[in-house]
There are 2 protein chains.
Amino acid sequence: MEKKVSITDIARKVGVSVALVSYVMNGREKEKRVGKETVKKIRRAAEELNYQPNQIARSLRLGSTKTIGLVVADIANPFFGQFARIVEDEAFKAGYTVVFGSSDEDDIKSAFVLDTLLNRQVDGLIVIPSEGTVKQINGLVRKKKPFVLFDRYFKEVNCNHIILDNYKGTNIATRYLVEKGHRKIALVAYKTSLVHMTERIRGYTEALKEAGIDHTKYLAEIKFSHSYKDFENSFRAFFNKHSDIEALICANNGLSINSLYYIRQNCIRIPGDIDFIGFDGGEPFDLYSTPLSFVRQPIEEMGREVVKLLTDLMNGSTKVSHIMLDPELVIREIRNC
Amino acid sequence: MEKKVSITDIARKVGVSVALVSYVMNGREKEKRVGKETVKKIRRAAEELNYQPNQIARSLRLGSTKTIGLVVADIANPFFGQFARIVEDEAFKAGYTVVFGSSDEDDIKSAFVLDTLLNRQVDGLIVIPSEGTVKQINGLVRKKKPFVLFDRYFKEVNCNHIILDNYKGTNIATRYLVEKGHRKIALVAYKTSLVHMTERIRGYTEALKEAGIDHTKYLAEIKFSHSYKDFENSFRAFFNKHSDIEALICANNGLSINSLYYIRQNCIRIPGDIDFIGFDGGEPFDLYSTPLSFVRQPIEEMGREVVKLLTDLMNGSTKVSHIMLDPELVIREIRNC
DNA sequence: AATATATGCTTAAACGTTTAAATATAAAAA
DNA sequence: TTTTTATATTTAAACGTTTAAGCATATATT
């Protein structure tokens with residue numbers, strides 16, 4: 001790899017000190033009253049040598065890398081991919097680059113990723129925290145590192161977070177199905193202590209309670225796993241036990257997709273055999289045999305808010321915000337062809 | 001943000017020079033013959049102060065950031081998201097972190113992203129080059145920056161690249177449809193000079209030629225756009241003009257998805273009205289009314305190979321590799337429920 | 001006793017920037 | 001003329017590491 005040209009090379013070529021070059025390269029020639037001729041010469045030399053500033057050196061000196069770290073569960077998951085894209089764009093506009101890492105919903109991996117990003121001196125972090133990472137998040141608080149949690153948070157940690165009104169998400173979905181006349185409404189959720197899930201479960205149970213329907217019978221809390229097989233086994237057990245299910249709500253995108261694979265494989269018809277409401281939407285929802293209903297998260301807005309909040313923090317704000325955005329129930333009609 | 005603890009803080013606390021601390025922190029205490037007692041004291045102090053190395057300072061000194069830059073068209077696109085994930089994992093194993101940027105298939109944006117990553121001194125780059133970025137890629141060659149192109153390349157630039165045998169991809173798809181008895185086989189592709197597309201088109205036309213079928217009539221080369229509306233307009237014009245199409249091949253994932261939206265909206269039946277072969281697969285393909293056939297790219301293998309090639313380059317290899325991997329035609333049966 | 005070797009540690013430069021402070025010169029004001 | 005002010009530039013330290021080179025001291029070898 002070619003030796004990169006530095007500010008020193010330009011200084012030598014023009015015959016001035018590095019300070020002047022630095023001033024000019026940063027557009028501070030007026031403020032620092034650099035001679036007009038000198039400015040021109042420096043500009044020309046920079047051009048000729050094809051100078052590119054070394055952001056690493058700059059970062060070290062300034063104590064800021066203009067980089068933000070993004071910890072997602074899995075960048076390959078379209079929901080997180082979409083989120084990452086919005087973060088990227090917003091960060092870019094604000095002059096930041098994003099470094100990312102996938103935690104795989106695993107606390108050990110999460111710790112690794114977090115350490116890596118911190119060692120790389122990211123100025124701030126956006127974290128989708130996995131189960132069992134309270135300590136890690138508390139560590140960020142202790143370090144006074146600017147960061148905001150997204151999608152989930154911990155009740156025991158007072159920090160910035162932006163989440164969906166998860167309760168409302170499943171609540172409106174359940175109510176909708178109840179009003180439609182269903183009584184045997186199942187919810188498939190992950191067995192976890194993470195609030196986004198417990199809230200989604202609560203939204204469901206409360207809606208059922210209110211309607212005077214048993215709210216425990218059709219609740220499937222299954223263990224998280226990366227393997228579809230594991231999901232399938234748990235789900236089959238549940239489904240076989242309750243062959244009278246009239247409607248199914250899925251508590252997140254992954255569960256929705258997995259459920260659809262199962263449903264498809266087992267020749268269960270939507271609608272007909274069961275009604276279905278998923279989470280987050282996406283291409284598979286649109287292109288399924290019939291368009292599928294789902295709980296929509298305002299992901300664009302959330303992404304924008306997250307970055308805005310973080311940049312405020314990085315600019316010195318000390319306000320702690322807990323932002324909760326509203327979901328929207330998107331009901332799709334049966335296709336007539 | 002708390003002042004980070006540095007090697008100097010540890011040195012001061014223990015009462016030794018920073019050099020010793022550095023040696024110990026890098027596990028070179030044997031080689032550099034640091035006293036046993038001192039090692040212990042340094043370790044303890046590092047623990048107590050919760051020392052985390054500053055990778056930025058390290059990078060500046062060593063001239064290597066242990067970072068690789070990834071330029072994709074759009075991280076929100078599942079194909080690229082999946083690829084990014086593989087790259088991330090492989091890079092992580094090799095001790096690298098990945099910084100990414102989306103080029104949006106736009107040369108201006110690509111230049112920005114590339115510059116940003118270069119200024120951040122990435123040790124190497126993985127680039128999915130957009131149209132009109134030959135100059136940028138040539139720039140990398142001139143700088144002797146280790147990089148490898150993925151998915152596409154430029155005939156005029158001799159550099160490392162890993163691509164699919166694109167010709168073969170559409171060729172086997174077309175042959176399959178011909179053998180099935182179709183003669184009016186359409187290909188929807190992007191109008192671009194990028195080889196991955198031109199090769200996919202060539203694979204299609206050659207297969208048709210060989211079968212003695214007119215190979216221009218049913219070829220739709222449409223302009224790339226981020227808007228579905230634009231796609232729809234071009235596609236509709238094409239479809240209306242050729243209402244006798246028997247089968248449709250889509251030249252990449254985005255086109256496949258867009259086509260499916262159109263097909264669905266216009267009540268065209270797969271199979272029945274037309275046969276369909278898409279590109280890259282994914283959840284929408286599996287969950288469509290009937291499972292859809294597609295040309296599969298060995299993306300895992302490609303991702304692994306890309307990172308392997310790049311790490312070799314970063315470790316000083318000067319070999320230029322052009323790797324081409326085989327696609328696989330995945331034919332799906334009609335669902336019987 | 002003189003020399004060589006081993007052990008343990010320090011010094012200081014370097015990486016490429018930024019920037020406060022100092023310096024030098026010219027022009028304006030006293 | 002001397003002093004002040006404005007203009008143009010340099011100096012040098014700092015950011016947190018790594019590492020070659022040097023310096024003591026103790027022990028082993030002649």
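Lettering of chains follows the sequences in order, A, B, ..., and the numbering in each one begins at 1.
Taking only side-chain atoms of B/S6, from C-beta outward, the nucleotide of D/dG16, D/dT11, C/dG16 with the closest atom is D/dG16. Considering only the side chain of A/L60, C/dG16 comes nearest among D/dA8, C/dG16, D/dA20. Minimum atom distance to the side chain of A/Y51 is reached by C/dT17, of the listed D/dT10, C/dT17, C/dT19. The nucleotide whose nearest atom lies closest to any side-chain atom of B/A57 is, among C/dC15, D/dT17, D/dC15, D/dT17. Checked against D/dA12, C/dG8, D/dA8, the side chain of A/R33 finds its nearest nucleotide in D/dA8.
Note: CG (B/N26) to C1' (D/dT17) measures 9 Å, nearest angstrom. Separating the CG atom of B/L62 from the P atom of C/dA14 is a distance of 16 Å, rounded to the nearest angstrom. Straight-line distance from the NZ atom of B/K32 to the P atom of C/dT10: 15 Å, rounded to whole Å. Residue A/E31 contributes atom CD, which lies 15 Å from atom P of D/dA8 at whole-angstrom precision. Distance, A/Q52 CD to C/dT17 P: 11 Å, rounded to whole Å. For A/K41 and D/dT9, the NZ to P distance is 8 Å, given to the nearest whole Å. Rounded to an integer number of Å, the gap from B/I7 CD1 to D/dT17 P is 5 Å. Protein atom CG of B/D9 is 13 Å distant from nucleotide atom C1' of D/dT17, rounded to whole Å.
When each of A/V34 and B/P53 is assigned the nucleotide of DNA chain D bearing its nearest heavy atom, the one mapping closer to the 5' terminus is A/V34.
For the residue pair A/E88/B/S102, the side-chain donor-acceptor check at 3.5 Å is satisfied. Using a 3.5 Å distance cut-off with no hydrogens or angles, the side chains of B/R120 and A/N54 do not pair a donor with an acceptor.
Looking at A/T67 and A/V98, their side chains never come closer than 4.5 Å, going by heavy atoms from C-beta outward.
B/L20 comes within contact range of at least one nucleobase, with a heavy-atom separation under 4.0 Å. Within 4.0 Å of B/R58, counting heavy atoms only, lie sugar-phosphate atoms of the nucleic acid but no base atom.
B/S22 has no side-chain polar atom (N or O) that falls below the 4.0 Å cut-off from OP1 or OP2 of D/dT19. Here B/T38 reaches the OP1 or OP2 of C/dC9: one of its side-chain N or O atoms lies under 4.0 Å away. A sub-4.0 Å separation between OP1 or OP2 of C/dT10 and a side-chain N or O of B/S17 is present. In terms of phosphate contacts, A/Y23 brings no side-chain nitrogen or oxygen within less than 4.0 Å of OP1 or OP2 of C/dA20.
Taking the ring pair (Phe, Tyr, Trp, His ring centres under 6.0 Å) definition, one finds that A/Y96 meets it with nothing, sequence neighbours left out.
Applying the salt bridge (charged side-chain N to carboxylate O under 4.0 Å, His left out) test to pairs two or more places apart or on separate chains, those with a residue in residues 66-84 of chain A are A/D74-B/R85.
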